[in-house]
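Okay, structure first, notes after.
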Amino acid sequence: MRYPIRQIRQSFVTLLLASTCLISYGANGKPRPNIVVLVADDWGYTDVGAYGSEIATPNLDQLAKQGSKFSNFHVAAVCSPTRAMLLTGVDNHRNGVGNMPETMPPEHEGKPGYAGTLNDNAVTLATMLKDTGYHTYITGKWHLGKTPEKLPGQRGFERSFIQADSGSDNWEKRTYMMLYDKAYWFEQGTQAELPQDYYSSKFFVDKAIEYIASNDKDKKPFFAYIGFQANHIPLQAPPEFVQKYSGQYDQGWLALRTSRRDRAATLGLIPKGSEMVTLDSTLDWNKLSVDQRHQQARRMEVYAGMAEAMDFQVGRLVAHLKASGQYDNTIWVFLSDNGSDPADPLNIPVASTWVRMKYDTDAKPLGGKGTFSANGPSWASATTSPLNGYKYFAGEGGLRVPLIISGVPGMPSSRTISALTHVNDIVPTLLDAVGIKPHGGTYRGNQVEPMSGRSMLPMLQGKTNYVHAPGEAIGYELAGSSALFKGDLKLVKNIAPLGDGKWRLYDLTTDPGEVHDLSSRQPEHFSSMLADYAEYVRANGVLPIPEGFDLQKTAMRYAVWHFLVPKLRTALSWGLLGLAILSGGIILARRRRTRSD
């Protein structure tokens, strides 16, 4: 039987419209929600106003008011392992990012789980959403690989404008530290330039709005991921934001740490009267000179201004979605990738020399174009208040960060959720919220890494009070610092210089500051959790850290191979070219002289 061309065309159009309808609408007939994931860089536990901060973050606070904020949410202690888990729901040792490339021990390089980039065995949230009809966009920091096959376009993102490494300058296209030969930016997989009026937080939101608006008419839902550089070093912010905090931090870091602890307790995020550890890396404010205090206070003013500037740009995105009628059907997720950064390149001789050659480090113009600032360990400890530790280490200050979720259908507003939660829980939660069944280790007919996270949707909707059962163990390891969570208890050890490599046990419900070691008082729990950690190591291929491993020395080794060697190679190439030209000129001159003779 032959069908007229017109009838075939009409049937095809009908089928196409029907499939679009199924993609754009969930099983309940309602449009599928959009998803926006906002990732702050190196924010401490109490850096958000809703968590007790003096920093103005009204837009994030409003998201928290409309949804839920989490008081017991954990990530990895450095950026790329967190981002890899955030996008896959798979433990970082199984998705390829067992460590950052910049701090990878030579003994681990190339071993299974330690590529330092996202592997092909873990399926990203962007891929799963794109395959079910979502537009998928990413702007900002990526840090999961910069070779063509590792860029976002190969991991499910339809459009992308990303910074490929751990960070870069916030005002112009240049690297922030002697770790890379240049700043690597890519748009749709092609190396890209930045506009003249570039400032990181503003530009990332500008691009996200551009991408979202480009497909408004087709009514398909979107997934937008924005990886902010705020507040990664170098600390930089527009002056109008920095000036608002003039004099705010003149009392020093211990005063800030105490005031934030007290406000967090008033907000119900921690128990009232929670004790705190004062780390050996925290300097005595009263022993600093007047000039040193001024310099240090100015650093924190820039930090606060940078955070508020990021929140301001989040507000622009909120306003755009409200104006376009999409806000009420959008799920929002905000988190930090790890705790505050204690690193201060100005205290590392070789790095300090490089920074001072490239940047202005004086207190007066700090924050603007061409300036460089970092908070260092004393302010880092204050911004993670009341927690113990900071970025790179397994104390709560490195692992416990703010998480805000709003816009999930059926969720109550203005809640504080104290249940133990983990970054691997984000992907299954979002899939559940938009009506997509999470894969169980098979995708497109291929065996892939199964997700280890749990959906938080029932808890977000008020149907249950926990995600992980009290007897479920959640393991963690990165660069030798390790932890295991089980119910209210946490087993933890930290390497030098913050720790001594010994295991300790804490009850996080009563002691979030990790002050009172329970290992001798609860020997049965201590022993059983050590066994649980050993099983985590076995199941996830965690490698032992080499004896004598040093984070700073490893980073300097990376700098030698990825910054100094390329520079020397380039210089040598130009030198050889110049020598070849000079030699050729000499030979030609001799030949001419011979002919004339």
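All figures in this text were calculated on a predicted structure; none of them were measured in a lab. For the numbers below, each heavy atom of this structure counts, side chains included, while hydrogens, waters and symmetry mates do not.
- Going from atom CG of Leu335 over to atom NE2 of His74 covers 13.5 Å, rounded to the nearest 0.5 Å.
- With a 4.5 Å cut-off on side-chain heavy atoms, Tyr225 and Leu86 count as touching.
- Of the possible donor and acceptor atoms, one in the side chain of Asp337 sits under 3.5 Å from a partner among the backbone N and O of Asp42.
- A side-chain donor-acceptor contact under 3.5 Å links Gln313 and Arg316.
- Under the side chain to side chain contact (heavy atoms under 4.5 Å, CB included) rule, Leu478 has a single partner from Asn92, Thr82, Leu399, which is Asn92.
- Proximity of a side-chain donor or acceptor of Ser324 to a complementary backbone N or O of Leu321 within less than 3.5 Å is detected.
- Within the 4.5 Å cutoff, the side chain of Asp47 has heavy atoms near those of the Arg260 side chain.
- With 3.5 Å as the limit, one finds no donor-acceptor pair spanning the side chains of Ser160 and Tyr211.
- Between the side chains of Ser352 and Arg356, at least one donor N or O sits under 3.5 Å from an acceptor N or O.
- Of the possible polar contacts, one joining the Trp171 side chain to the Gly367 backbone as a donor-acceptor pair under 3.5 Å is found.
- A donor-acceptor pair shorter than 3.5 Å can be found between the side chains of Gln229 and Asn170.
- With Asp61 contributing its side chain and Ala50 its backbone, the two residues share a donor-acceptor pair below 3.5 Å.
- Residue Lys358 places its NZ atom among 12 or fewer non-hydrogen atoms of other residues, nucleotides or ligands, all under 6.0 Å distant.
- Judged purely by atom type and a 3.5 angstrom limit, Ser336 uses its side chain to pair as donor or acceptor with the backbone of Trp43.
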Side chain to side chain donor-acceptor pair (under 3.5 Å) between Ser281 and Tyr390, intermediate numbers included: CA-CA 11 Å; Ser281 58; Tyr390 30 58; 2.7 Å; yes
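- Judged by distance alone, with hydrogens and angles left aside, the side-chain atoms of Ser289 form a donor-acceptor pair with the main-chain N or O of Gln292 at under 3.5 Å.
- The existence of a salt bridge linking Arg504 and Asp500 is confirmed by a sub-4.0 Å separation between a basic side-chain nitrogen and an acidic carboxylate oxygen.
- Tested against Phe393, the residues Val78, Asn338, Val492, Leu551 include a single side chain to side chain contact (heavy atoms under 4.5 Å, CB included) partner, Leu551.
- A cation-pi geometry, defined here as NZ or CZ lying under 6.0 Å from the six-membered ring centre and within 45° of its normal, does not hold between Lys490 and Tyr506.
- Sparse packing is recorded around CG of Asp280, with 12 or fewer heavy atoms of other residues, nucleotides or ligands lying under 6.0 Å away.
- Counting only heavy atoms from C-beta outward, the side chains of Met306 and Ser201 never approach each other to under 4.5 Å.
- The only member of Arg257, Lys244, Arg263 that meets salt bridge (charged side-chain N to carboxylate O under 4.0 Å, His left out) when paired with Glu54 is Arg263.
- For Ser168 against Gln163, the heavy-atom pair with the smallest separation is OG-CG, 3.4 Å.
- With hydrogens and angles left out, the side-chain atoms of Asp169 and Tyr359 include a donor and acceptor closer than 3.5 Å.
- Residue Gln191 places its CD atom among more than 12 non-hydrogen atoms of other residues, nucleotides or ligands, all under 6.0 Å distant.
- Lys146 NZ: more than 12 foreign heavy atoms inside a 6.0 Å radius.
- Between the Ser274 side chain and the Pro271 main chain, a donor and an acceptor come within less than 3.5 Å of each other.
- Taking 4.0 Å as the cut-off between side-chain N and carboxylate O, Glu172 and Lys369 do not count as a salt-bridged pair.
- Relative ring orientation between Trp285 and Trp253 is described as perpendicular, the plane-to-plane angle rising above 60° on a 0-90° scale split at 30° and 60°.
- Rounded to the nearest 0.5 angstrom, Asp197 CG and Phe203 CZ are separated by 9.0 Å.
- At distances below 3.5 Å, not a single donor-acceptor pair connects side-chain atoms of Thr384 with backbone N or O atoms of Gly397.
- Atom NZ of residue Lys272 and atom OG1 of residue Thr266 lie 5.5 Å apart, to the nearest 0.5 angstrom.
- Looking at Arg293, its side chain does come within 3.5 Å of a backbone N or O of Asn286 through a donor-acceptor pair.
- A donor-acceptor contact closer than 3.5 angstrom is absent between the side chains of Asn34 and Tyr327.
- Taken to the nearest 0.5 Å, the CZ atom of Phe222 stands 9.5 Å off from the CD1 atom of Ile35.
- Between Val333 and Leu403 there is a side-chain heavy-atom pair separated by less than 4.5 Å.
- How far OH of Tyr176 is from CD of Gln236: 12.0 Å, rounded to the nearest 0.5 Å.
- With contacts defined as side-chain heavy-atom distances shorter than 4.5 Å, the pair Trp142/Asp165 does not qualify.
- Annotation: cation-pi pair Lys182/Tyr184 present, NZ/CZ under 6.0 Å from the ring centroid and within 45° of its normal.
- With 3.5 Å as the limit, one finds no donor-acceptor pair spanning the side chains of Gln188 and Thr190.
- Panel note: side chain Ser378, backbone Leu283; a donor-acceptor pair is recorded below 3.5 Å.
- Summarising the local packing, CZ of Phe312 is surrounded by 12 or fewer heavy atoms from other residues, nucleotides or ligands at distances under 6.0 Å.
- Note: Phe204 and Phe228 have tilted aromatic rings, judged against thresholds of 30 and 60 degrees for the angle between ring planes.
- Looking only at atom types and distance, the side chain of Glu308 has a donor-acceptor partner in the side chain of Tyr245 under 3.5 Å away.
- Interatomic distance, Ile404 CD1 to Phe334 CZ, rounded to the nearest 0.5 Å: 6.0 Å.
- For Asp41 and Lys391, the salt-bridge test fails: no basic side-chain N is under 4.0 Å from an acidic carboxylate O.
- Looking at heavy atoms from C-beta onward, Leu254 lies in side-chain contact with Thr282 at the 4.5 angstrom threshold.
- Judged by the 6.0 Å and 45° rule, Arg174 forms no cation-pi pair with Tyr180.
- We find that Arg159 and Glu187 are not joined by a salt bridge, their nearest charged nitrogen and carboxylate oxygen being 4.0 Å or further apart.
- When only modelled atom types and interatomic distance are considered, Tyr45 and Ser340 share no side-chain donor-acceptor pair under 3.5 Å.
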